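See structure below.
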Amino acid sequence: MSSPSAENPPSTTGSAPRLRVAPSPTGDPHVGTAYMALFNLAFARQQGGSFVLRIEDTDRARFDETSERQLYDTLGWLGLTWDEGPDVGGPFAPYRQSERLDTYRPYVEKLIEEGHAYYCWCSTERLTAMREKQQKLKLPTGYDRLCVGKTQEERAELEGYSETPVVRMLVPEDAPTTFEDVIRGTVSAPLPDDQVILKADGFPTYHLAVVVDDHEMGITHVVRGEEWISSTPKHVLLYRWLGLEAPKFAHMPLLRNQNKSKISKRKNPEARLTWFQEQGYLPEAVVNFLGLLAYPPAKGESGEDVEKFTVEEFSREFAWDKVNTVGPIFDLKKLEWLNGAWIRGLELADLSARVLPYLQADGVLGEDPGAEDLARLESIAELIQTRMNLLTEASALVRPFYVADEELEIAEDARAGLKDTAGEVLDAALAALEPLAAATGEGNQWHAAEIERVLREAIVDGMGIKPRLAFGPLRTAVSGQKISPPLFESMEILGRDSTLGRLRALRSSLA
Ligand code: GLU
């Protein structure tokens with residue numbers, strides 16, 4: 001037969017490594033896909049190699065049409081971008097396995113011709129009954145090889161026959177079950193069963209497609225989750241039978257919950273990549289967090305742990321022998337802390353731009369905010385930057401700056417928290433602020449420093465009320481909340497009229 005490779009295969013003999021992430025489009029993208037993409041990408045970038053996105057859509061029963069777009073969107077959002085893939089093309093296109101069915105066929109034929117694979121006509125019912133019996137008798141489960149050495153006619157005479165065969169690997173007793181892993185060294189796995197490689201619908205299974213495609217696409221390092229360790233001996237056998245050089249393997253530890261169970265989309269909302277965006281995490285913080293999960297933090301100048309890093313920094317220092325092999329615990333508290341650290345590091349214009357969509361989604365700002373509203377947002381951004389860990393927390397802090405004075409609602413807990421002195425405090429504040437002129441900014445009277453000075457003088461010094469009690473009612477009047485951005489700066493941004501209006505409104509609502 002002719003060589004199984006494509007007619008004019010692009011050269012894959014270059015020395016630069018080629019890595020890939022190969023998700024299956026089965027619903028919302030899993031956080032594990034981003035985690036794998038990060039480690040693949042880090043090594044590819046460091047080595048000046050290529051990073052490929054391949055869509056493994058051979059499981060037609062679990063195929064989900066919207067999933068592929070979500071993969072592009074979420075990985076793109078995280079900045080884990082690929083050099084080749086179904087959307088951007090590349091020298092080894094197509095990158096979707098469902099479009100590569102003709103590629104796999106000659107490999108299957110070669111395996112059958114050389115006695116390494118065989119047709120199996122057993123019906124699903126027969127296979128199920130066989131498995132149940134094995135389980136009942138506590139025998140190892142596996143195909144009993146009824147079809148081995150039989151022609152279709154011979155097999156058709158027997159029970160449990162199906163017209164459309166599958167193709168199985170004929171795994172010898174002495175098949176190698178150990179392989180070298182870049183992270184783990186020598187790894188052993190159980191002897192494989194006679195794995196199906198071509199399904200009755202004509203689609204290859206993952207095991208055949210992954211080997212053929214990794215070979216055809218010149219993949220040098222297969223970096224994937226540890227759940228694939230038990231499959232690797234099958235892949236090693238296929239490479240050997242097909243006379244192909246196997247890539248290097250690196251099996252990453254699985255992400256785990258606090259109780260050590262595997263993170264699953266069914267049980268954990270945070271297993272879905274779209275969740276992180278919804279919750280107000282920054283993409284930089286998410287990839288940073290994913291890196292830290294399986295990798296020790298870098299060391300700073302005085303030996304301290306440096307936990308905050310960019311993908312570029314991560315990639316520069318990356319080394320396989322530092323990857324943890326123990327299942328990392330997915331600690332959302334840590335992610336939240338890291339997100340806060342990233343938020344505090346943003347330029348104000350950037351922070352404003354990042355909170356804007358969340359403010360719009362919460363109706364704080366409209367679809368198309370005017371220049372004045374946007375300028376105000378940048379001043380507010382400075383006040384809230386240290387007060388939030390998630391972008392979704394911005395709306396509550398920012399809303400008071402955009403509601404009309406008469407529409408400001410006073411939160412229940414804030415009103416309940418007002419002390420007996422609140423009325424007096426508000427009166428004193430009004431008396432102190434009314435004489436100030438409305439012009440804002442440095443050197444003017446309606447400036448945070450000047451506002452603070454007159455209020456302290458009137459309430460803390462003048463009335464002898466402690467600052468916490470002195471400013472609580474003012475905070476509630478201005479923001480409607482118990483906790484708010486810094487008070488004096490907020491008053492400056494709101495302006496004289498709104499501030500006085502809000503103080504009067506709360507004052508008059510107190511009996
Ligand atoms: N399609 C497999 C998955 O969804 C890819 C595994 C591999 O990288 O070989 O995890």
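One-based numbering, in listed order, for ligands and for the atoms of each. We use all heavy atoms of the structure for the numbers below, so side chains are in, but hydrogens, waters and symmetry mates are not. Because the structure is a prediction, the values reported are computed rather than measured.
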Fill in: Arg168 side-chain N/O to Tyr119 backbone N/O, donor-acceptor pair under 3.5 Å
no
Worksheet item: Numbering the atoms of ligand 1 from 1, which are under 4.0 Å from a heavy atom of Val210?
Response: 9 (O)
Fill in: Residue Arg224 vicinity, atoms of ligand 1 by number, heavy atom under 4.0 Å
7 (C), 8 (O), 9 (O)
Worksheet entry | Side-chain (Lys150) to main-chain (Leu146) donor-acceptor, under 3.5 angstrom | yes
Fill in: All salt bridge (charged side-chain N to carboxylate O under 4.0 Å, His left out) counterparts of Glu312, not counting sequence neighbours
none
Response to the item:
Of Met36, Gln97, Arg54, Arg20, the one whose closest heavy atom lies nearest atom 8 (O) of ligand 1 is Arg20
Discussion item. Among all protein heavy atoms in this structure, tell me which lies nearest to atom 6 (C) of ligand 1, with the distance rounded to 0.1 Å.
Written reply: Tyr206 OH, 3.3 Å
Worksheet item: Cation-pi between Arg69 and Tyr72: NZ/CZ under 6.0 Å from ring centre and within 45° of the ring axis?
Response: no
Item to complete: Return the residue, atom name and 0.1 Å-rounded distance of the protein heavy atom closest to atom 4 (O) of ligand 1.
Response: Ser24 OG, 3.4 Å
Fill in: Main-chain N/O of Leu348 paired with Ser352 side-chain donor or acceptor, under 3.5 Å
yes
Discussion item. Quick check: Ala22 and ligand 1, any N/O pair under 3.5 Å apart?
Written reply: yes
Discussion item. So if I count the atoms of ligand 1 from 1 in the order they appear, which ones are less than 4.0 Å from some heavy atom of Glu56?
Written reply: 1 (N), 2 (C), 5 (C)
Practice prompt. May I ask whether Glu227 has any heavy atom positioned less than 4.0 angstrom from an atom of ligand 1?
Written response: no
Item to complete: Can you run down the side chain to side chain donor-acceptor pair (under 3.5 Å) pairs that involve residues 289-301, sequence neighbours left out, and say none if there aren't any?
Response: Lys299-Asp305
